[in-house]
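A quick note: this is a predicted structure, and the numbers were derived from the prediction, not measured.
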Amino acid sequence: MPTTEQYRYPGPNEFEDTPASNALFSGRDAEMAGITQQIIASRLLVLYGNSGLGKSSILKAAVFPKLREQGFFPIHLRIDSSAPALRAI
């Protein structure tokens, strides 16, 4: 049986911000370039979409390494909308 490293998609898990995930992640070059350019231009990007579309994966495995190459320090922030303070909003 093939190992996890041989599969392009990690299943329900997201790609991580690691060299191994970066090497395995492919096929979304246009999206990666657009997101990277938007972040550089505005310093802030809110990426919103349905669960399972690969938002975290593209950021962590593709965009973050590109930003670091250009001297940026990307921070991944995920807000838990079920937190009591956010439910009141």
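- Between Leu47 and Leu59, the closest side-chain pair of non-hydrogen atoms falls below 4.5 Å.
- Remark: side-chain polar atoms of Thr36 are paired, donor with acceptor, to backbone N or O of Met32 under 3.5 angstrom.
- Contact annotation: the side chain of Ile58 approaches that of Phe25 to within less than 4.5 Å [non-hydrogen atoms, C-beta and beyond].
- Judged as a salt bridge (charged side-chain N to carboxylate O under 4.0 Å, His left out), the pairs with a partner in residues 45-65 (not counting sequence neighbours) are, in order, Glu14-Lys60, Glu16-Lys60.
- Considering CZ of Phe64 and CD1 of Ile35, their distance stands at 10.0 Å, rounded to 0.5 Å.
- The shortest side-chain heavy-atom distance between Ser21 and Leu24 does not fall under the 4.5 Å cut-off.
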*Apply the test side-chain contact (heavy atoms from CB on, under 4.5 Å) to residues Val63 and Leu45: give CA-CA distance (whole Å), side-chain angles for both, the deciding distance (0.1 Å), then the verdict.*
CA-CA 12 Å; Val63 174; Leu45 174 72; over 6 Å; no
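- Of all non-hydrogen atoms in Ser57 and Phe15, the two that sit nearest each other are OG-N, 2.9 Å.
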